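Worksheet: the structure to be examined is printed underneath.
Here the structure is a predicted model, which means the values were calculated and not measured. Note that these values count all heavy atoms, side chains included, but never hydrogens, waters or copies made by symmetry.
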Amino acid sequence: MNLLKISRKYHRWLMLFVGVQFVIWSVSGAYMVIFDIDYIHGDSLVENHQTKLNPDKIDYPLAELVQAYPDAERLEMGVFLGKTVYSFKQGEQDFLIDAHTGLLLSPLDQTTAVKAAKHYYTGDGEVAEVELITQDPPFELSRRVLPAWRVSFDDFGSPSIYVSAETGKLVTKRHEFWRTFDLMFSLHVMDYEDEDPSNWLLFWFLLFSLTASILGLILTYFRVFKSSEDEEDSVAPNDGNNLHKSSNKGSHGQSDKSKTSLNQEVS
């Protein structure tokens with residue numbers, strides 16, 4: 001079996017196998033290229049508040065906090081909804097303490113979570129839905145940030161603001177275009193759970209696709225270049241034959257005319 005037949009046979013079967021994925025790669029790649037990545041990331045959905053700490057509002061001393069929470073780790077100070085707060089981790093749980101009153105603010109209740117989401121959100125939409133997620137997070141939320149409040153707004157793109165129920169921090173934000181982007185990315189890298197491009201399914205499809213492409217190039221070579229050479233080779237002999245036939249036809253014509261003239265003289 002020659003190279004042309006081998007290429008035609010395996011190219012056909014490989015394209016039947018990877019052809020659908022080719023279409024998926026094209027559509028998902030086009031979506032990810034067309035949309036501006038900053039818009040997809042939802043940077044315009046939230047405001048990054050840069051609030052300075054006010055030492056005058058720290059009436060709950062650090063020494064008292066350490067005494068109350070002796071195993072506190074990663075202790076930080078920050079501002080939450082205008083209040084100076086301590087945030088730290090003890091064991092597997094995060095804590096949020098009002099630095100003015102010493103009151104425990106975490107876990108956040110629904111009213112505080114909505115207030116925090118509105119504080120981060122830059123849009124004008126009204127709150128449409130509020131949900132506390134403690135397990136089985138949706139595709140767009142990492143399990144590591146649980147528990148978290150999801151506050152969805154009635155606005156263009158159905159934006160959602162996720163607030164940590166323990167720290168009050170903004171953990172992520174999503175809108176429909178970003179959700180679609182996540183779906184397209186998972187389809188593009190062929191990892192439908194972790195969106196990890198380093199997976200064996202993608203590797204094998206890339207290998208089959210590369211092989212199909214090389215076989216396609218071989219077929220193109222035979223179709224474009226070799227067929228042109230064959231046509232050129234076939235033109236010269238045909239012309240000779242035609243000339244030969246024409247010559248023969250001409251001689252036959254002259255012979256017929258001679259025969260006709262001879263018959264007329266005899267008669």
Side-chain angles (χ1 to χ4, degrees), residues 38 40-155 157-176 178-179 182:
D38 292 331
I40 290 296
H41 282 169
D43 294 341
S44 58
L45 283 180
V46 296
E47 182 176 354
N48 184 20
H49 297 281
Q50 299 289 340
T51 306
K52 295 183 179 179
L53 295 176
N54 187 355
D56 297 335
K57 293 186 177 180
I58 303 175
D59 297 325
Y60 184 64
L62 179 61
E64 190 172 341
L65 183 144
V66 174
Q67 186 177 4
Y69 301 92
D71 297 326
E73 298 177 338
R74 287 186 268 176
L75 182 62
E76 297 178 352
M77 295 199 72
V79 177
F80 176 67
L81 298 178
K83 299 177 181 178
T84 303
V85 295
Y86 295 109
S87 63
F88 58 91
K89 193 175 187 66
Q90 181 167 275
E92 297 297 326
Q93 188 174 357
D94 290 293
F95 291 83
L96 191 67
I97 303 289
D98 189 328
H100 178 63
T101 62
L103 294 176
L104 180 64
L105 301 177
S106 61
L108 272 61
D109 57 23
Q110 179 171 329
T111 302
T112 307
V114 170
K115 190 180 296 184
K118 288 182 176 179
H119 179 67
Y120 297 125
Y121 184 52
T122 58
D124 299 324
E126 298 294 331
V127 174
E129 185 180 4
V130 183
E131 180 184 5
L132 176 62
I133 303 172
T134 58
Q135 58 183 358
D136 300 327
F139 180 75
E140 61 201 42
L141 184 65
S142 172
R143 184 179 298 275
R144 293 174 298 180
V145 299
L146 295 182
W149 286 95
R150 176 172 60 192
V151 181
S152 301
F153 292 88
D154 183 11
D155 206 349
S158 303
S160 296
I161 304 297
Y162 289 88
V163 179
S164 170
E166 293 183 341
T167 66
K169 293 182 179 178
L170 172 71
V171 291
T172 190
K173 64 278 187 192
R174 285 291 189 277
H175 52 54
E176 289 299 334
W178 194 345
R179 296 181 181 109
D182 286 342

Are [X] and [Y] packed together at the side-chain level, in the sense that at least one heavy-atom pair is separated by less than 4.5 angstrom?
X    : Y    : result
D94  : S106 : no
I58  : M77  : yes
V130 : W149 : yes
L104 : Y69  : yes
K83  : T101 : no
L146 : T134 : no
L75  : L62  : yes
I97  : L65  : yes

Using 0.5 Å steps for rounding, measure from the [atom1] atom of [X] to the [atom2] atom of [Y].
X    : Y    : atom1 : atom2 : answer
Y162 : S142 : OH    : OG    : 12.0 Å
D124 : D154 : CG    : CG    : 12.0 Å
I161 : Y120 : CD1   : OH    : 10.0 Å
F88  : R74  : CZ    : CZ    : 12.5 Å
Q93  : T167 : CD    : OG1   : 11.5 Å
L141 : D136 : CG    : CG    : 11.5 Å

Compare every heavy atom of [Y] with every heavy atom of [X], then report the nearest pair and how far apart it is.
X    : Y    : value
V85  : V79  : CG2-N, 4.3 Å
P138 : I133 : CD-CD1, 3.8 Å
E47  : T122 : N-CG2, 3.4 Å
F80  : L96  : CD2-CD2, 3.9 Å
Q90  : F95  : CB-CE1, 3.7 Å
S164 : L108 : O-CD2, 4.0 Å

**Derivation of the side chain to side chain contact (heavy atoms under 4.5 Å, CB included) call for V127 and F153** = CA-CA 4 Å; V127 174; F153 292 88; 3.7 Å; yes

**Asked** Can we say E140 and K173 salt-bridge, meaning some charged N sits less than 4.0 Å from an Asp/Glu carboxylate O?
**Response** no

**Request:** Answer yes or no: is there an ion pair linking D182 with R174, defined by an N-O contact shorter than 4.0 Å?
**Result:** yes

**Request:** For the pair Y86 (side chain) and Y60 (backbone), establish whether a donor and an acceptor sit closer than 3.5 Å, ignoring hydrogens and angles.
**Result:** yes

**Derivation and outcome, side chain to side chain contact (heavy atoms under 4.5 Å, CB included), residues K169 and V163** = CA-CA 6 Å; K169 293 182 179 178; V163 179; over 6 Å; no

**Message:** Run K89 and E76 through salt bridge (Lys or Arg N to Asp or Glu O under 4.0 Å) and show every step you take.
**Reply:** CA-CA 10 Å; K89 193 175 187 66; E76 297 178 352; over 6 Å; no

**Message:** Under 3.5 Å, is there a donor on one side chain and an acceptor on the other for Y121 and D155?
**Reply:** yes

**Asked** Just checking, any donor-acceptor pair under 3.5 angstrom between side chains of S160 and R179?
**Response** yes

**Message:** Would you say that more than 12 heavy atoms from the other residues, nucleotides or ligands in this model lie under 6.0 Å from the CD of Q67, or not?
**Reply:** no

**H100 atom NE2: more than 12 heavy-atom contacts under 6.0 Å** = no

